[in-house]
Amino acid sequence: MCGRARCALDRDQVLAVAGVPADRWRDYEFFLPKHNLGPGSRTPIVRRDEEGGAELQTMTWGLVPSWTKKEEKLDFFRMFNARSETVPEKTVFSRLLGSKRCVVLLNGFYEWAQEHKTKQPYYIYLDGDRVMRMAGLYDSWQDAEGNWLTTYTILTTDSSKRLQWIHDRMPVILPDAQAEEAWLQNGVLDSKQYTALCSPYNGDDLQWFPVTTAMSKPDFQGPECCKPLKRQSIATFFKPKNTALAPEPEAEKLQTSEASTPLKNEEGADAAKAACSVKAEAPPYHADTKDTQEAIPGPAASQQGTVSASKRQRQEEKPDKDRYYVQ
DNA sequence: CCAGACGTTGTT
DNA sequence: GTCTGG
DNA sequence: CCAGACGTTGTT
DNA sequence: GTCTGG
């Protein structure tokens with residue numbers, strides 16, 4: 001699933017990545033880059049206007065349906081994810097499927113693995129820190145004073161093989177520009193297309209490493225959030241050849257730790273820099289080295305080669321007739 | 001017709 | 001708002 | 001999602 | 001364990 005994320009892009013990078021002119025970003029002033037954010041935080045979201053032009057809007061993570069009572073206390077945690085498999089059936093989400101689709105721009109997200117008696121957080125991202133685009137749905141709600149609040153939810157799907165070791169659910173990651181276009185495109189999505197878009201991201205450029213448990217606190221904002229954690233037990237976290245990260249364990253067969261290469265600090269630093277440096281559109285780089293043996297799951301080097309493509313807000317919502325998701 | 005709900009996770 | 005249940 | 005709190009009574 | 005807060 002996906003309950004914590006990172007969006008450290010600065011505003012220019014957001015504009016560049018979204019391919020949107022600066023004057024088409026509503027509420028840009030409300031977005032602040034953060035290494036550690038969760039529901040209730042605001043991030044840049046891409047959507048289409050009525051003419052089909054792309055635009056950005058800073059929205060709050062955690063869907064608050066438009067019909068939420070004005071006096072009700074807002075809960076951004078209740079609907080920060082939506083199961084893509086059941087979205088078409090759930091009234092709260094299906095009404096948004098036809099005209100309120102959006103794309104969430106993130107550097108990556110966090111998942112916690114139960115290791116022994118503790119929870120070890122992992123930062124999950126794309127090679128070269130390419131921006132991750134997730135499928136979302138949004139809605140707008142008006143408070144008693146007439147102020148608009150626009151919120152979104154991130155769709156989830158089954159985890160890909162690559163990520164199953166840490167969770168059985170993962171966010172819906174749009175693999176390429178074509179998928180993003182299809183998701184954002186105005187109008188109805190047929191169910192087949194919808195299902196295809198929501199399939200688990202299977203690119204072998206999905207990477208991860210463990211990070212400090214300090215970031216488990218929602219308000220911890222240090223850059224360590226996206227720095228590989230050095231742990232004795234995982235000396236071989238990095239490949240000998242200073243390439244990308246972790247050896248790929250098929251999580252299961254790890255137990256056999258053979259020649260473990262001690263972690264070189266510099267390598268760790270480089271990898272951390274690579275992941276942390278915000279290269280909006282850095283070309284994907286490959287983890288050329290294969291095999292590694294680790295007790296800690298690391299990104300797989302192989303896998304079938306696949307996808308790898310690359311406080312108040314104002315807004316006038318017209319009561320759209322939400323006709324969507326037609327067979 | 002009106003009333004009431006509308007969600008995902010993980011864990012047990 | 002929209003769907004389900006009574 | 002994780003972290004942190006979770007209570008009453010009586011007395012000063 | 002379970003609820004609240006961020």
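All values below come from the heavy atoms of this structure, side chains included, with hydrogens, waters and symmetry mates left out. Below, chains carry the letters A, B, ... as their sequence lines are ordered, and counting in each starts from 1. Since the structure is predicted, the reported quantities are computational estimates derived from the model, not experimental observations.
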**Q** Phe109(A) has an atom CZ; how far is it from atom C1' of dC2(D), in whole Å?
**A**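 So the CZ-C1' distance, Phe109(A) to dC2(D), works out to 17 Å.
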
**Q** Does a side-chain N or O of Thr86(A) approach OP1 or OP2 of dT8(B) to a distance below 4.0 Å, or not?
**A**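 It does, given that an N or O in the side chain of Thr86(A) lies less than 4.0 Å from OP1 or OP2 of dT8(B).
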
**Q** Checking Leu74(A) now: which residues fulfil side chain to side chain contact (heavy atoms under 4.5 Å, CB included) with it, not counting sequence neighbours?
**A**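 By the side chain to side chain contact (heavy atoms under 4.5 Å, CB included) rule, Leu74(A) matches Val64(A), Thr68(A), Phe76(A), Trp141(A), Leu149(A).
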
**Q** Could you summarise the pairing of DNA chain D as dot-bracket text, marking Watson-Crick and G-U pairs under 3.5 Å with ( ) or [ ] inside the strand and | across strands?
**A** ||||||......

**Q** Apply salt bridge (charged side-chain N to carboxylate O under 4.0 Å, His left out) to Asp49(A) and list each qualifying residue two or more places apart in sequence or on a separate chain.
**A**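 Only Arg24(A) meet the salt bridge (charged side-chain N to carboxylate O under 4.0 Å, His left out) criterion with Asp49(A).
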
**Q** Tell me, please, which residues at least two apart from Glu72(A) pass salt bridge (charged side-chain N to carboxylate O under 4.0 Å, His left out).
**A**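 Salt bridge (charged side-chain N to carboxylate O under 4.0 Å, His left out) list for Glu72(A), sorted by chain: Arg78(A).
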
**Q** Write down the distance between NZ (Lys34(A)) and C1' (dC1(D)), rounded to a whole number of angstrom.
**A**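 Rounded to the whole Å, the gap is 14 Å.
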
**Q** How many whole angstroms separate atom CD of Gln120(A) from atom C1' of dC1(D)?
**A**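 About 15 Å, once rounded to whole Å.
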
**Q** Using the P atom on both, measure dT8(B) against dC1(D) and round to a whole Å.
**A**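 Their P atoms lie roughly 13 Å apart.
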
**Q** In whole angstrom, what separates Met215(A)'s CE from dA3(D)'s C1'?
**A**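 Distance check: Met215(A) CE to dA3(D) C1' gives 13 Å.
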
**Q** Which residues pass the side chain to side chain contact (heavy atoms under 4.5 Å, CB included) test with Gln193(A), sequence neighbours left out?
**A**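 Gln193(A): side chain to side chain contact (heavy atoms under 4.5 Å, CB included) contacts with Ala182(A), Leu189(A), Asp190(A), Leu197(A).
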
**Q** Is the ring of Trp67(A) stacked on the base of dC6(B), with centres less than 5.5 Å apart and planes under 30° off?
**A**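 Check passed, Trp67(A) stacks on base of dC6(B).
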
**Q** How close or far is atom C1' of dA3(D) from atom CG of Asn36(A), stated in whole angstroms?
**A**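 My rounded result for the distance is 12 Å.
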
**Q** What residues form a ring pair (Phe, Tyr, Trp, His ring centres under 6.0 Å) with Phe93(A), not counting sequence neighbours?
**A**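 Checked Phe93(A) against ring pair (Phe, Tyr, Trp, His ring centres under 6.0 Å); zero matches.
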
**Q** If you compare every side-chain N and O of Thr156(A) against the phosphate oxygens of dT8(B) (OP1, OP2), does one of them come in below 4.0 Å?
**A**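 So the side-chain polar atoms of Thr156(A) never come under 4.0 Å of the phosphate oxygens OP1 or OP2 of dT8(B).
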
**Q** How many Å lie between CG on Leu137(A) and P on dG7(B), as a whole number?
**A**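 One finds 13 Å between P of dG7(B) and CG of Leu137(A), rounded.
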
**Q** If the condition is side-chain hydrogen bond (donor to acceptor under 3.5 Å, both in side chains), which residues does Ser159(A) pass it with, not counting sequence neighbours?
**A**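 For Ser159(A), no residue satisfies side-chain hydrogen bond (donor to acceptor under 3.5 Å, both in side chains) once neighbours in sequence are set aside.
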
**Q** Partners of Glu224(A) by side-chain hydrogen bond (donor to acceptor under 3.5 Å, both in side chains), sequence neighbours excluded?
**A**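 Applying side-chain hydrogen bond (donor to acceptor under 3.5 Å, both in side chains) to Glu224(A) gives none.
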
**Q** I need the CG-P distance between Leu63(A) and dC1(D), as an integer number of Å.
**A**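 Answer to the nearest Å: 18 Å.
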
**Q** Which of the following nucleotides, dG7(B), dT8(B), dC2(D), is nearest to the side chain of Val92(A)?
**A**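 Ranking dG7(B), dT8(B), dC2(D) by closest atom to the Val92(A) side chain puts dG7(B) first.
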
**Q** Say you pick atom C1' in dT9(D) and the same atom in dT2(E); how far apart are they, in whole Å?
**A**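 Comparing C1' positions in dT9(D) and dT2(E) gives a spacing of 25 Å.
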
**Q** Using the C1' atoms only, state how far dA5(B) lies from dG6(E), rounded to an integer number of Å.
**A**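 Straight-line distance between the two C1' atoms is 27 Å.
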
**Q** Flag the pair Arg95(A) and Asp139(A) as a salt bridge only when some basic side-chain nitrogen lies within less than 4.0 angstrom of an acidic carboxylate oxygen.
**A**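 Answer for the salt bridge query: yes.
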
**Q** Do the rings of Trp165(A) and Tyr122(A) sit parallel, tilted or perpendicular, given the 30° and 60° boundaries?
**A**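 It falls in the perpendicular class, over 60°.
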
**Q** Report, one line per pair, each donor and acceptor closer than 3.5 Å where one atom sits in a side chain of residues 79-88 of chain A; sequence neighbours left out.
**A**
{"unit_1": "Asn81(A)", "atom_1": "OD1", "unit_2": "Cys2(A)", "atom_2": "N", "d": "3.4"}
{"unit_1": "Asn81(A)", "atom_1": "ND2", "unit_2": "Cys2(A)", "atom_2": "O", "d": "3.2"}
{"unit_1": "Asn81(A)", "atom_1": "ND2", "unit_2": "Ile154(A)", "atom_2": "O", "d": "3.2"}
{"unit_1": "Ser84(A)", "atom_1": "OG", "unit_2": "Thr156(A)", "atom_2": "O", "d": "2.7"}
{"unit_1": "Glu85(A)", "atom_1": "OE1", "unit_2": "Arg169(A)", "atom_2": "NH2", "d": "2.8"}
{"unit_1": "Glu85(A)", "atom_1": "OE2", "unit_2": "Arg169(A)", "atom_2": "NH1", "d": "2.7"}
{"unit_1": "Glu85(A)", "atom_1": "OE2", "unit_2": "Arg169(A)", "atom_2": "NH2", "d": "3.3"}
{"unit_1": "Thr86(A)", "atom_1": "OG1", "unit_2": "Arg83(A)", "atom_2": "O", "d": "3.4"}

**Q** Find out whether the Lys NZ or Arg CZ of Arg4(A) is both under 6.0 angstrom from the six-membered ring centre of Tyr110(A) and within 45° of the ring's axis.
**A**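 Judged by the rule (NZ or CZ under 6.0 Å from the ring centre, within 45° of its axis), Arg4(A) is not positioned above Tyr110(A).
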
**Q** Checking Gln142(A) now: which residues fulfil side-chain hydrogen bond (donor to acceptor under 3.5 Å, both in side chains) with it, not counting sequence neighbours?
**A**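 side-chain hydrogen bond (donor to acceptor under 3.5 Å, both in side chains) check on Gln142(A) returns nothing, list empty.
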
**Q** So if I define the base as every atom that isn't primed, P, OP1 or OP2, how would nucleotides 1-6 of chain E read as a B/S/- string at a heavy-atom cutoff under 4.0 Å?
**A** ----SB

**Q** Kindly give the atom pairs (protein nitrogen or oxygen, nucleotide nitrogen or oxygen) under 3.5 Å for nucleotides 10-12 of chain B.
**A**
{"unit_1": "dG10(B)", "atom_1": "OP1", "unit_2": "His167(A)", "atom_2": "ND1", "d": "2.6"}
{"unit_1": "dG10(B)", "atom_1": "OP1", "unit_2": "His167(A)", "atom_2": "NE2", "d": "3.3"}

**Q** Please state the C1' separation for the pair dA3(B) and dC6(D) - nearest whole angstrom.
**A**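 Roughly 35 Å separates the two C1' atoms.
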
**Q** If I take atom CZ in residue Arg78(A) and atom P in nucleotide dA5(B), what distance separates them, rounded to the nearest angstrom?
**A**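 It is 11 Å, rounded to the nearest whole Å.
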
**Q** Give me the distance, rounded to whole Å, that separates dT11(B) from dC2(D) when you measure between the P atoms they each carry.
**A**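 Going atom to atom, P in each nucleotide, I get 8 Å.
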
